[in-house]
S.K.: 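Okay, here's the structure, questions in a sec.
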Amino acid sequence: MSYGPLLFLGILFTLASSWVGLVLIPQRQLGALEQFTDTNTAAIYPQARAGQAQQGAEQYRALGCVYCHTQQIRPEGYGADITRGWGRRRTVSRDYIHDKTVMLGTMRTGPDLTNIGERQSDSSWHFKHLYNPQITSAGSVMPSYPFLFETRPIGPFGSSTNALALQGVFAPPVGFEVGPTLRAKQLVEYLRSLKSSGDLPEAPVKKEEPK
Amino acid sequence: MNSTTTSKALKALLPGDLSNEPGRRAQLAEIDASCRLPVLFFFLSGLLWLLVGTLFALLASIKLHTPGFLDGQEWLTFGTVRTVHLNTVVYGFASQTAIAVAIWLMCRLCRVPLVASGVITVANLFYNIGLTIGIIGIFAGDSTGIEWLEIPKYATPIIFVSFALIAVWMIIIFRLRTERHLYVSQWYLLAAVLWFPWIYGTAQVMLLVEPVRGVVQAAINWWFAHNVLGLWFTPIGLAAIYYFIPKVIGRPIHSYYLSVLGFWSLALFYNWNGMHHLVGGPMPAWMITVSIVASVMMLIPVLAVAINHHFTLVGHFGKLKHSPTLRFIVFGAVSYTLTSLQGVLSALRSFSEVSHFTHHTVAHAHLGMYAFFGMVMFGSMYYILPRITQREWPSNRLISVHFWGSALGIILYVVPLSLAGLQQGRLMNNAAVKFLDVVQFTLPWLQLRTLAGCLLALAHLAFVVHVGWLLVRMLEPYRKPVLNILSGGEIPATTEK
Amino acid sequence: MPVISLILLGSVLLLPAAALLSLRWATRSGQFTLINRAALLPFDDEEPIGQATDQILGDNRR
């Protein structure tokens, strides 16, 4: 074969097919999904994130959390996502409409975080875990993030309310305390905001069997 | 088909004797010499990025089993180190050597010298400036968080413009061809340089410049990330294989029909594959199903290529002993078949249930990018570098260190990690096993991977030293190199002529 | 009839027609008779078929 233009057209048309099929059509089908309002309870889902949590999403992105943690729950009976308690239902397209960067992830070096806000709502746990994961989860391979915290002298009125309760080898020198910086607060607010369990017509939450 | 005015304008770019005599073809040495500077620049900057990428690969690998290693520094956390590794090896090493090989191959097959090679050299400069800014941006926390597209949006336009410039130049070379017939490698090369700016441009505009909402981002992300393998690296890798196997053994490709079938089935099916990275994810079922079907259809081009290459080689395996190019290229060709079959398997819902989210996928990615593409690029460099520099490789020992380090290293990387990944997936799918126990299970396998990584690093060092030595030889007085030996490793007298 | 069905029907008719036409063109203009000639393109008078290149790793070198 020696006909350049035919080759050229073939090259363009083949890619154009999937460009339409996997880029334009999904954009038409999913690009304008809206919140769902339950007509019985007037509950709106999903809700947009508050400011600090939204800023925390930027920290999550910049620190590369997505390379070890997914944010997607596979359907019941496909993998053990639901039996592990990572979520109450599979996640669907509508769950992600408020995410500036959608970080579904492809690797589970660490557990899924889709519902971490529901599974662990305690900020002080998150602060300790980020400061050094060995405090809360010994044997974890997660990096520590001490640069999100500051070690500061304890003031005349005693420890601050947000100082981390650290013991043993993790404790700061006497007279000092470890407190979260703004970035740590943002990140933890984001983690606590991660909840994808609202009732949706396309993904109903399974009701408990009446006993 | 070519309008006369544009072809006249293009012909003016050619050296005088070539543009005046329509029957005259450029000689091989003339073509090689015209490519010298730009190809050398792309190779050398590619190798520099390879060293950086290898260093960060080792750091990332160690950190995954020994989290305390260099811990607590923001720019050295796993999330950054891994991202720097991926972007330096993909955009620094693989893409730049791919461009060099593509330019050289295109010139040789079109039988024209590279015209206005300074443009390509400038494109190389801009490419590396853009990439350096991008990598610094990733260190500074500006990573976009989108896999395979982490380079921040203030750096990507520079890279895009360089790519576009190279694509335009490839088309110009193609239009200037003095050989009317087209070889299958030229199809792949032309397709790659047209496809890549399209997918890169789409991903940049729809994900970074004017981001779309919700999971459409994930669809475009994986449409791009799979196509960068399927429509950029794979065609250039295959173009090199289709050229070098016949060229080294001195025998035409077994079946040209099969190569035509392979090209068009790849063009039709590969670009629909991307959504198999989202099996079980929050996407409409039709998208994922379509990608699974297309992934299975990939059996056609893969088997066509595998059969074709095997039957071309039959009876000539002895030449592997004497040709470094053939060794690397054949290793790459076999890996292409294996990684594609593994990819088909991983796309199936039942297999993906286990392999998704595990180190199996990481091993698969390295089988494709390194054992196939990286090895093919190394093989091409062993052929091209002596020809454009007019110098011989100084040391057979260094070639052996490179080949065996790379080959054993990547086998030691891929095989154990693929199997361990499946076991990891099985444990993860059993809710009775604590998650931390799954993490603990992977540790010895990750340590083995670090060992494999050390072998690869050694191989890369040997290669870079060898290339440096070759370049030093350019300073020595010229001696006619022994590049073509009839067969069996006999050396004709170098003094004749 | 909705527009989408028209488009589908149209492409079902047009695409195979285009394929057939290009096939007719390809056979008539000799694209298939010359197809095996293209396999010879990597070779020329300088490096003809039968001449192996890159055989640099011999027993009698370093």
Side-chain angles (χ1 to χ4, degrees), chain B residues 25 27-29 105 108-109 111 179-186 242-257 259-260 312 316 319-327 379 382-383 386-387 392-397 399-400 403 481-491, chain C:
Chain B
R25 278 183 186 161
Q27 301 295 307
L28 293 182
L105 261 184
R108 267 212 165 190
L109 286 166
R111 306 240 154 96
E179 169 61 57
R180 202 176 79 84
H181 291 279
L182 295 180
Y183 188 58
V184 62
S185 295
Q186 283 163 291
Y242 269 116
Y243 183 77
F244 285 118
I245 289 184
K247 196 68 189 159
V248 171
I249 67 177
R251 176 196 208 182
I253 196 81
H254 171 69
S255 160
Y256 202 75
Y257 288 97
S259 61
V260 174
T312 310
H316 292 263
K319 294 205 169 68
L320 286 169
K321 205 176 146 206
H322 300 292
S323 165
T325 301
L326 199 61
R327 276 190 204 179
Y382 275 110
Y383 197 93
R387 282 167 177 78
E392 271 183 83
W393 287 108
S395 158
N396 285 1
R397 200 159 289 146
I399 296 178
S400 290
F403 178 75
V482 186
L483 296 175
N484 300 324
I485 297 171
L486 292 176
S487 61
E490 307 154 23
I491 305 174
Chain C
M1 208 191 292
V3 184
I4 187 85
S5 321
L6 281 173
I7 295 173
L8 282 176
L9 192 68
S11 35
V12 163
L13 292 173
L14 281 178
L15 287 178
L20 277 176
L21 278 176
S22 44
L23 190 69
R24 201 177 81 117
W25 165 83
T27 40
R28 284 196 171 186
S29 66
Q31 299 293 320
F32 289 116
T33 54
L34 294 171
I35 201 161
N36 280 319
R37 213 191 100 72
L40 311 179
L41 282 172
F43 306 98
D44 56 21
D45 302 341
E46 279 180 76
E47 294 176 356
I49 292 177
Q51 179 182 333
T53 58
D54 197 56
Q55 301 289 301
I56 60 174
L57 298 175
D59 305 321
N60 42 0
R61 295 182 76 232
R62 274 149 300 166

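Side-chain atoms are counted along with the backbone in the values below, which use heavy atoms only and exclude waters and symmetry mates.
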S.K.: If we ignore hydrogens and angles and just use 3.5 Å, is the side chain of E46(C) paired with the main-chain N or O of L28(B) as donor and acceptor?
M.R.: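 Flag set: sc E46(C) to bb L28(B) pair under 3.5 Å.
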
S.K.: Who are the side chain to side chain donor-acceptor pair (under 3.5 Å) partners of T325(B), not counting sequence neighbours?
M.R.: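 Result, side chain to side chain donor-acceptor pair (under 3.5 Å) vs T325(B): D54(C).
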
S.K.: May I have the list of side-chain donor-acceptor pairs in residues 245-252 of chain B shorter than 3.5 Å, sequence neighbours left out?
M.R.:
residue, atom, partner, partner atom, Å
K247(B), NZ, P42(C), O, 2.9
K247(B), NZ, E47(C), OE1, 2.7
R251(B), NH1, T312(B), O, 2.7
R251(B), NH1, V314(B), O, 2.9

S.K.: Heavy-atom distance under 4.5 Å to chain C: side chain of Y382(B), backbone, both or neither?
M.R.: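 The backbone, not the side chain.
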
S.K.: Would you name the heavy atoms of A38(C) and Y183(B) that are closest together and state the gap between them?
M.R.: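 Minimum heavy-atom separation between A38(C) and Y183(B): O-CD1, 3.1 Å.
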
S.K.: Are any non-hydrogen side-chain atoms of E179(B) and D44(C) less than 4.5 angstrom apart?
M.R.: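 Result no, sub-4.5 Å side-chain heavy-atom pair not found.
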
